[in-house]
Each structure stands twice: as C-alpha cells, then as structure tokens.
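Labels below follow one simple rule: chain letters A, B, ... track the order of the sequence lines, proteins then strands, and each chain is numbered from 1.
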Amino acid sequence: MSTIRPIRMSDLEDLYEMARSAGVGVTTLPADRELLRSRIERSVESFDRQIEPELASYLFALEETDAGRIVGVCGIDSRVGLDEVWYNYRLSNTVNSSRELGVHVQNPTLYLTNDMTNSSELCTLFLDEAWRGDGRGPLLSRSRFLFLADFAELFSEKIFAELRGVSDQEGRSPFWEALGRRFFNMDFYQADMLTGRGNKAFIAELMPKHPIYLALLGAEAQDVVGKVHENTRPALRMLEAEGFNFNGLLDIFDAGPVIEAFTHTIRAIRDSRERRVVLMSESGNEAAPPEHRVMVSNRRFEDFRVLAVAATRLTFDTLSLAAHEADALGVAPGDSVRLVGLKQATGPSDELSAGANHG
Amino acid sequence: MSTIRPIRMSDLEDLYEMARSAGVGVTTLPADRELLRSRIERSVESFDRQIEPELASYLFALEETDAGRIVGVCGIDSRVGLDEVWYNYRLSNTVNSSRELGVHVQNPTLYLTNDMTNSSELCTLFLDEAWRGDGRGPLLSRSRFLFLADFAELFSEKIFAELRGVSDQEGRSPFWEALGRRFFNMDFYQADMLTGRGNKAFIAELMPKHPIYLALLGAEAQDVVGKVHENTRPALRMLEAEGFNFNGLLDIFDAGPVIEAFTHTIRAIRDSRERRVVLMSESGNEAAPPEHRVMVSNRRFEDFRVLAVAATRLTFDTLSLAAHEADALGVAPGDSVRLVGLKQATGPSDELSAGANHG
Amino acid sequence: MWIVRPARLEDVPAIESLAEGQRARVSTLPRSADRLAEKVNLSMRSFNGTNAESEMARYLFVLEDISTSELLGTAGIDTCSGNGQPFYTYRRDELIHASHELAVTTRVEVLYLSHELTGQTLLCSFAIAEHLRQSPAFALLSRSRLLFIAQWAHLFTDKLIVELQGCQDDAGSSPFWDSLGRHFFDMEFATADTYSGILSKTFLAELMPSHPIYVTLLSDAARAALGRPHEAATRSAKLLEKEGFEWGRHLDIFDGGPTLEATAHDLEQPARYQYSASSKGSSAPSGQYLVANDSRDQFRCALTAATAADDESLELPAEAAAALAIKDGARLLVVDL
Amino acid sequence: MWIVRPARLEDVPAIESLAEGQRARVSTLPRSADRLAEKVNLSMRSFNGTNAESEMARYLFVLEDISTSELLGTAGIDTCSGNGQPFYTYRRDELIHASHELAVTTRVEVLYLSHELTGQTLLCSFAIAEHLRQSPAFALLSRSRLLFIAQWAHLFTDKLIVELQGCQDDAGSSPFWDSLGRHFFDMEFATADTYSGILSKTFLAELMPSHPIYVTLLSDAARAALGRPHEAATRSAKLLEKEGFEWGRHLDIFDGGPTLEATAHDLEQPARYQYSASSKGSSAPSGQYLVANDSRDQFRCALTAATAADDESLELPAEAAAALAIKDGARLLVVDL
C-alpha cells in the first residue's frame, strides 16, 4: 500500500539513495547527506510546530508499506524569500511603436523581481524511477493539496512551483549560456548548486540589475524562455490540470516557468469534500484504475496521512474503509476525512453529482 | 423590458446625453459628439465585420423598450495596443536584504510595461443613474460574457478591465500628483482626456521610463495604488465575483487596478448552458428578484440580443419564453439560446444541479 | 588654389553629388535638393546673423578650388547639438560586479541613453572629394572651422564635440545597429539614419530602448565596432586628436561611432597678424599656413605660403590675398599646417 | 609652529578624540581605537612602501603643533578609491523629455548608480580642531597633501577626487538619506555611514537601489541638499576650488554630498628649491609659504616665512628647518599660502 506521511529522520538513507539516483538536474534534492538531514530536521520541526510558521518547510514521503521504505518525496515551503532573497525574472512586454513611421515592434523584456517573496512554494517532487505508475505520481504530488485545504492559514493565498527549464543532456542551458554565464563566469550547474545551498548573496552582487531585452539574447535562448525540461512536462501538465497558470515569472538561471494558482482555485482543493468514515468487512483490495480512485486525507496535522481508495467506496456522506486502511490513516469510524478524485476527469464532485443525478 | 443589443447610430443623442450627465470621471465616455459618433461607427463596422477582427470594438446598448431609448452602454475591444501603445505599470517587488546586517526591506517597484498589448478589454460600462436597480447593472455588464462565450475566437484568451483609480471630488488623483504631474506638468484630467482621444505619443515622450520605487512617492500616493474609486467598487465586486483577479497591473496615471481573467474561467462563461426555446402562453411578467433570474442570449453575432427572465423558466433542456420575449430575442421555438444566472449565488448551474438533486 | 568659404545656394547641386560620392554616409547632409537648400539657407542666415531667435544657428562651409570653381568638400558647425531637440547618445560606462564571497570582480560595461551633449557646439557634415583625402585640403577643410570658432567664440559653446561615423560594412550596414537598434526600430540602418536627419525626435523617444544596455549581450561584431570610427573617418580622428580633441564616453546611438570632445579655450589658439600687402621681407616664404580672414559672413580660409614681416604683420602671395578677399591691414588668423 | 607629518601609532588616542569633536562625521576615520590603529599601521606601511601588493596604499597625515606636541588635525590620501572594491557614487545626469506634439521640453534630472570613480586617488579623512578652522593651519593641512602628491606623482593616479560631507542637520541626520537611502537600508544615516567605513561592499550591492532615481521624486529638502556640502566643509570646498578642483557630477550615495575633481598635472606645480642654511639675503622674509621636504616616509610640511636667496635656493628660519628635519642642500617644494 502507498501511504503519504510526513518525512522522518529515519528516512534519511532512503532519501539519500533517491537523491543519488536522481542525478544533476534535480537541484531541489542534492545528493548531500548533511543537506538532506537538515531538510528533514526542518520538516520534522515544522510538523512539530517548533519553527515559526513562515519559516516552515513541510516534506511528505510516499511510503510503500510492503517494501518498508519510502520511494518518493514532495514538499511545501510555507513562505519563500523571508530569510533570503527570492529572485525571478518577470517576462514583460515593451512595445516600440511610431505611428509616424508605421513601426510597431514588441520586445519582450525581463525585469529582475522578488515578486514571489512571502508566497508558498511547491518545493520538491521526486518519485523513484522504479516505482512510477499505478497512480503513485498523482498521489504523491496532489496529496499536498489536501494538506493545504485543511491548513490554508499556514500558507499564502497564492501557491507556486518553479519548474525546471530546458537544458541538454550535458546540463547546458541555452538561457544560462546567453545571459547568466556572461555575468557569473561559472557553469549553470555551479550557480544552481550555490543557490540550492541557500547561498544567494552572490546573486545580488553579480546579477545584472537593469532590465534585459530578450532580443539581445539570441534565438536559442529566446526559444526556451518559459519552457520546461522534457522530463518536467508531466509535472507541468498535472499542475495545469489542477488550475496552475504561467503568469510571466521565470527562473533567473534557466528561464523555466513559474506556475501559480490561488489556493481556493486549485481543483483538488476546490472540489475536495468531507465524509465520515465507516468500516467495511471486505479486504479493500478491489482493482480500480487511478482514474477511479479518490485520495483521502485524515485531516491531521502532525500525523497527516493520505492514501488512495476506489471511488466506489463513496456514498453521499460516507467513505468506506477496510480495517488496514483505517489503521494506516489512523482514523476510526465516524471520523471526518477529506477526499478528492486522484485525477481530474472522474473527480469525486463529478462522481457525486453524476451519482446524485442518476440516483 | 430591458434588452441588450449592439449600439446603432440612431443611439447617438441618447449616448451623448448620458455622457454629459456622467461627468469628468468617466473618460471612457467623453461628452464629445464627434468622438461618440466615431465610436458608434467603429462598433457598427465591427458587428458588420467590416473591420479587421483585431481592431474591432463592440459596443452594447441597454435599451428600455417601454421608454424607447437606451439607458446604458458597455463594450469590448477585441485587442488593445495594436494601432497605438498600451501602457500599464506593473507593481513588482524588490527586496533589499542583507543577512550580514539583518536587514530585509520590501520595496514595491513600478515597471512601465505594455503587457496588455494584444489582449481584449472590457472597455466601457455606463448605466444612467436614473435607471439603476432591478438588475440592470448586472445585466448590462455581464451580458458581454455571453457574447464572449459564443465568439471566443474573436478575442484573446485573457480579458481585462481597467478600473478607475482613487481621486477626490475635484478629480485630483494622489498618485498623479506624486508622479505624473512631475513629468507631464498638466492636470490628471487633461492627460486622461488626451489618451482617451487616442493621443499617446506624448506618453512615450514624457513618461519616465526607468522603474519607480513606490517608497519615493509618499504615503498618500502609495495608499491608493491598486485601489478603485469608490464609485467603481460595485463594478470591481461584480468582476471579482465573475473570477477576475488583480495581478499587479495598474493604470499609469491614477494607479487604478487592472483586473484580468482567462475567458474560460469567467463564471458567466464557464457556467453558461445551452437550452432550446419553447413558447409559453403566460405573459411572462412574473416577479422574480435579480438573484432568481437568468440572462439569455440569442447566440447571434450581428443581431446579438440578451434579456433576463425568471430562472423558473428553465427545465433540464428547455427555456420557456413569452411571445414578446422570443420576439425581442429574435428566436423561434427550437432555437438554441445560451443562458447563465444573472448573479452568482443562484446561477443556473446551481439551480440545475440543485433541481436535479432534489428532483 | 583651395579655399574654404560659407556655402551658397548655387552650391546645392554640387553638394548633392559630393554627398553621394562619399564612402560613408554623412547623416547631416540630407539627400534631397530641397532639404539641402533649406540647410544652406539657414547657414546663410547664420553667417549673416539673421537667423530667427528660435532658430539654432548652423554653419555650413564648403571647400572650393577657386582655379576651377569646383566644389570639393563640406564641413559644418551646429551651434546647438540637437538643434533645440534632445541630442541622443549612448554614454559608455562600467559597473563593477564584485562578489566578496566568491572573490571575483567583473567590470560590466553598460550603455546609458544620454542627452548630456545636447546644446553643445557640434562639428558635423564633413565630406570631401575622394581624391583629396590624402591631401592638405583635408586639414584645411576640417581645421578652418576651428579658426572660425576662435574668431567668433561668443557664438559657440566652449565645449566642442564631433561625432565620427562608426563602422559600416560595404553594403552600408552597421554591426552595432544590427545587434541593437534593429530590434527596436525594425528598419535598416540607412533608413533610420535618414529619418534622424529629417524628422523630429519623437520617433527616437518612441523607438529607442530606454533601459541601459549591457555590452556583453551584443554580438562580437557590435562590440568590436563600439567607439571605433569608420575607416573613412580615421583621418579625421587623427587630425582632431592632434588638434587637442579627446575621445569621450559618448557613442552614436545608431552605429556606435565615437565622439571626440574638446574645450575650445584649451585648444591651441591661432596667431593673429595684420596683412601686409607690401613685400618688405627678402626671405623666401617660410612655410605653409592655414590663414583665415576675420569676417563672419565673408569668411575665407586658405592654405598658403606666408612670411612674417615682423611680429605683427604677415605677407601673403597676391593670389592668396585675393582668395581671402583682404586688403592691406586686414586682420588674419594663422596656424601652422 | 604647525607641521604636517605621517601619522604614527602613538597618535591614535589623539586622533580618536579629534574625530569625536568634529561637527560633521568623517566616515573614513573609524570610531574604534583598534580600527584606527589598523588604519595608521597601513598608512605607515604606505609611507614606507612596505604595503603588501594586494594592499592599496592609504596615507594618513596629521597636523601637529610642535611647540605643544598637540595633535590638531588629520588628512588622508587613498591611492585607490574603493580600496580594491567598487567605489559607489551617484552620477547626476539629465534626460530631456520633449514632446513635439505638445511643444514642451522638460529637463529631467536622474541619479545613476556609478562606479566610475573607482580606483582614483581620493583625498579623504580631513579633520581639524575647531579653533583652527579659520586659521592658516587649515590650508596647511589640506594642501600639504598636494605637495606630497606633486613629489610622489608616480604613486597616484592623475585624477584626484575629494568627497565633501553633505548636508546634515544638527542631529546628524541627512535629508538626502531620509528621502532616499533610508527606504532601502532601513537604518539611520549614521549607522549606514559607519558600516560603509568598516564592512565589505557586499551590503551595498545588496541594499543599494539599482535603478536610476528621478530627482523630482525626492523631498524638497533632499533636492536642496543634492551636491551641497555640509556647512563645515564649505571652507574645504573653497580651498580646493582655488587650488583648481572642479565640481563634478558625482554625489555621495548616502548624504548626496558633492565630489570635486582635478587632474593632478593640470594643478599649479610647486616651485622647487634647495634649502640654503647660510643666510645670505639681507632682505626681510618675503612672505608666508607652504614648504615641504621631499621625503616619503619622513615627509614634513610647514607654514613658514622664507626668503629666496636666488632662483634655486631658499632660506628658512632655523625653527622651520628643524621642523622639516632638513639639512643644507635638501630639496624643498614650495607654494604660496
């Protein structure tokens, strides 16, 4: 069974192995044991409320109970840019127009901003290659929204995710080559690692502060502005399906897009419903494809748990759980749970209204 | 009966009288007969498809059939900034932070942009004071969305509205006094009139091009950034209820907010439904408060019409119209119409699903 | 014999064909007879002192071979660069990007849009017949303006500037333009250059990029062209440098060509003599000099042999005196060639 | 008798109390004995020529009344403004906003962040006892540095700059700071001023507003303060102007105070004499002069009467010769007071 729960210090070795296998591109999960340890520590303190809410960073692990290990991790930072500076480029438009001469040119222009300061970030998402499939990806990524739905007061109104931009197999980013390298005199990889370690003063010192006309960066760099790395396309599609939009903010190094949503407009939050738990006698191992599953959270903070069950378990006001599922969630009959369709097409609100319409 | 229809040249005198009564604040409707005539002409050509679709400007009139005159007007420009330059300030954030010194200051910063270039604008909204109430405001303003719903291909994905910013009774704008006046050496009123007449070269010539730190403008100006004039608050609430959001763009003169929405997320579009017309024998004059009305469009382009009827006229797949209503809409039994709740709370999708649930 | 004198209306056709024969465009010489005639008219009013108060004086000189009456060159002085409108340049500056933590220091070159040179005395409109490029007539034409300025200093600002044509390839396109201006003006270099000569500056306000430009983002060819004069302007550059002009920080906004600057009162001042018609000296002519009369509207400058009769008087060949239209006792300004 | 000489370690306590007594803050005189001692140590290495290669030389002079051994003033020369880091100033410039259509032309003042003055010779650390402000000792202290520079020109850049303290009110707050810097630094002027003296420039890169500042948006008081020296610095300003310094376009980033600039080789050069110990002249001393010896580490400059024995030799009162630590035949640099 796949269960989402807060990460624990005992997950460190599993996490480190995942980071090692992830490779260079995933700078949100560097294969550095000390760094990973401190990230787990911060998450544990966050769930224990031993850290100021604005500085909290919540990491969720996907545990495979049968295998006895974690195979994925995802996170939310409650606020960015408060104990450091959070940079983005804002892709804006400058029109050069002269009616007298009949000239009208649009020149995309990049402004260095700190616009995401004080916003919440979907900060990490990684699922072990070997465990992809059977709905684990959607479960891992979207379970966070059930947490957001019940603890919205800990987060900003707007949630964002920075998606990895385009780079080739050697990790060479055309945008970096055209812009960053000319000011930083280092490889994209190095700059990215430095910021990944929280070292950002050098950006204030070396980054060009004046606006950048995109036309001066050349075609190869212009082509990748706001585009995601091909490995990141599934994540982009998933977040777009949840209601996230690209609104002009870019990563300053590789020009990958920042996508954002108001919390209340995220599908998995907007469409989520509450139900009361009832126990059922069946084993609960019925086959249901991911499209016909709902994910269910126990609505707890410290002991937050999510798992996915068949949508047929739903009635108008209850959710039926097998005994081992209720155990895994830590809920008892009569407890309130929050649930939403694992994927959009057959989300529970559609299921419900369809059920109601036909019933 | 209140009917929405494309404006006609014969409406010119009614429109001029409305503009005269509107006063200084409403620069989208200046009391200048020639200017109004040319705006009507452009709209007539737009509905006649005699103008390139990107340059089209559609004006809709609210006609009171009993009074035999128009009492309101609203409009959509299919694209702005293509035959002129469209300026906005983008309210962005600059963080000045030094970990060494423990300093962390957020400095809102204004960038002069042309970001709305090529977007569609809700460009005019005016309802005669004497005719306010009985749902005319919502009908006038929201009927446009039924037009958008059926002719989306003529408009951009994103629709925006520029709302009037704060000014006092003498038309003095604190933002203008702090910024514009120092560069233009004229009154807000003059600058606004010049741009209202399509005269924009002077902005390129006189406007400060470098970013502006808001902190330098003083408290009075800072306080009104992104705020609307109190007369505009109802319009703002209405558009927010339809799904429009403030996303950082401002009017360059008075710092009033630009609010924007993706077409498909606007409530009156997203929740609108199609029904077939059936005729009913009753007079159709049953009393229904605006909350219990739906607005209905005939889905035509040149002869676009909208009126509001009681929501009780709806069934699962039909809409009942009295003969004079069908006449006013120019529809016959079996014709398809598009409809949506006049106000959000009891929109037809809710009505329908509620009906289905209870039925 | 060559002389430099104020341009006249009848010079217009000759100026036109001269301008067309130039290897590099002279943007302040309009390529239209009507506009040229306007320019010459304004110049004549400027030399006469009859230009309207709102009209910034602009002087246009021509080089003539008086033996053949052939017009061989032009040179101008605008008393007020921009002529009442902003005079656009890029100001080349450097920011230092230093990271204490990473122990690196980079000098980052930036071009700022500037109007700083607006309203200064501008040497412009220099064109010379190709076959005279290597001759002393080149210096005569160019430097005669400085003699005029020395005599009529109150008509000019103390700061003198010259914009030299920037690098262009044979097809007349400019690597600096292609890397920068083209993105914003959406037209050929030559077109923009022409407009800048004939239109109000509104189109510059509308089309110029207003944010500072990082030089490192320009193409290699554009960076190489930055502040480098057109091959055809190197002789001018050398001459001006010798005269005391210095390379400034300002660049032409279209082709990135350099600006040279000087302070008039710091330049070497011409010697002043009286013309002595009667030959007293027995010595051979002592060398070649640039000699100008002290007239404003009848200004003449010639390259001639001359002999100082004493500290105050100068003897000239009769031909030169005729060319300068001077009589015995006339005051002269003289510099070594 | 007053002399100017290199600072020594034993001067530190006296410098400290002198700095505290100044009406205007001297930001390059740290208010900590340890840091002052470091500064004096570096100065001594600079005078000795034993500063490390990575260490930019910084000279600190003191004014002493040798009759009382009282320390009465300090003055410094940094050989490389910024001392290896960027030297921040605002460069004051104007853009012209002109509308052809509306027929208006406005000159818009803009402050650009600049590092242009980085690496120049900077006169700094000027402090003098209050009771000497109106005395000739003021000129002695200030100008002695120029004599040192004239003698040791190869140690300095040709461009010399001085930052004068900007306007502050009695409480030590600066209207320019209050209108601009405070929004970005979130601290008092005095705090920022102190940090700038003792920290690396990282905090400036982090906190300085990087976009150009429109002057019209500043408060009236800030605009009035722009480029105006502190009342306590007006005497310095006059002296420097007389010396040949000119008002530049650069302003202090904290208080908006002005920068004066000069080209060393354009300044009046001191006369050079040999010291003649034997009195030949019968004439009375011919006036007051600033006289300096030609030593680097034992530099002395005094204000004294002197008589030129001939074109090459200068007679001095015995007291002055002793104060300058010179023997017969020593070379001297001399300027009029």
Side-chain angles (χ1 to χ4, degrees), chain B residues 84-85 89-90 92-112 174-187 190-191 193-195 197-222, chain D residues 90-91 93-113 175-188 191-196 198-223 253:
Chain B
E84 60 189 352
V85 185
Y89 271 124
R90 157 110 25 214
S92 207
N93 197 359
T94 303
V95 173
N96 293 76
S97 170
S98 166
R99 200 176 282 193
E100 189 181 8
L101 305 187
V103 171
H104 188 99
V105 203
Q106 301 192 22
N107 268 297
T109 308
L110 302 177
Y111 294 101
L112 189 65
F175 186 79
W176 173 263
E177 296 301 320
L179 182 60
R181 176 179 292 285
R182 308 200 178 207
F183 293 90
F184 288 89
N185 196 27
M186 59 178 84
D187 282 333
Q190 291 174 276
M193 283 302 281
L194 279 169
T195 54
R197 287 158 200 276
N199 185 332
K200 295 199 172 178
F202 83 99
I203 301 180
E205 291 169 324
L206 300 182
M207 192 79 188
K209 305 300 188 312
H210 294 303
I212 302 289
Y213 294 109
L214 209 52
L216 303 186
L217 300 189
E220 212 193 337
Q222 288 173 51
Chain D
Y90 280 120
R91 182 173 188 279
D93 206 338
E94 272 183 351
L95 289 172
I96 299 174
H97 286 198
S99 173
H100 190 60
E101 203 167 351
L102 305 183
V104 297
T105 296
T106 329
R107 305 185 81 91
V108 175
E109 256 194 302
V110 183
L111 305 181
Y112 292 103
L113 195 60
F176 183 75
W177 175 261
D178 288 341
S179 182
L180 183 56
R182 176 184 292 281
H183 299 302
F184 301 91
F185 285 76
D186 195 25
M187 57 182 75
E188 297 299 318
T191 314
D193 201 38
T194 304
Y195 285 150
S196 80
I198 59 179
L199 296 180
S200 90
K201 301 301 173 68
T202 299
F203 87 101
L204 292 180
E206 289 173 326
L207 299 182
M208 276 297 289
S210 42
H211 297 303
I213 301 294
Y214 291 104
V215 171
T216 182
L217 301 182
L218 301 180
S219 70
D220 293 347
R223 287 207 302 279
I253 55 169

message: Apply side chain to side chain contact (heavy atoms under 4.5 Å, CB included) to residues B/L101 and D/M187 and explain how you reach the verdict.
response: CA-CA 10 Å; B/L101 305 187; D/M187 57 182 75; 3.8 Å; yes
- prompt: At a heavy-atom separation under 4.5 Å, does B/L217 approach chain D through its side chain, its backbone, both, or neither?
  reply: side chain
task: Mind checking ring-ring contact (aromatic ring centres under 6.0 Å, His included) for D/Y112 and listing every partner two or more places apart, or none if nothing turns up?
output: B/H210, C/Y112
- prompt: Tell me, side chain or backbone of D/I96 under 4.5 Å from chain B's heavy atoms, or both, or neither?
  reply: neither
Side chain to side chain contact (heavy atoms under 4.5 Å, CB included) between D/L102 and B/L206, intermediate numbers included: CA-CA 10 Å; D/L102 305 183; B/L206 300 182; 4.2 Å; yes
query: Contact part of B/M207 toward chain D, heavy-atom cut-off under 4.5 Å: side chain, backbone, both or neither?
result: backbone
- prompt: When only pairs under 4.5 Å are counted, which of D/F185, D/Y214, D/F203 shares the most heavy-atom pairs with chain B?
  reply: D/Y214
B/S97 versus D/E206, closest heavy-atom pair with distance: O-CB, 3.3 Å
query: Is there a side-chain contact between D/T106 and B/N185, using heavy atoms and a 4.5 Å cut-off?
result: no
task: Measure distances from D/S219 to the heavy atoms of chain B and classify the residue's part below 4.5 Å as side chain, backbone, both or neither.
output: neither
Greatest number of heavy atom pairs closer than 4.5 Å to chain B - which of D/T105, D/L207, D/T202: D/L207
message: Which residue is it: B/L214, B/N96, B/N107? I am looking for the one with a side chain to side chain contact (heavy atoms under 4.5 Å, CB included) to D/H183.
response: B/N107
- line: By ring-ring contact (aromatic ring centres under 6.0 Å, His included), D/H211 pairs with (sequence neighbours left out) B/Y111, B/Y213
- prompt: Which heavy atom of D/T216 sits nearest a heavy atom of B/F183, and at what distance?
  reply: CG2-CZ, 3.6 Å
message: Given heavy-atom pairs under 4.5 angstrom as the criterion, report whether the side chain, backbone, both or neither of B/A178 touches chain D.
response: backbone
Over all atoms of both residues, closest heavy-atom pair of D/H100 and B/E205: N-OE2, 3.4 Å
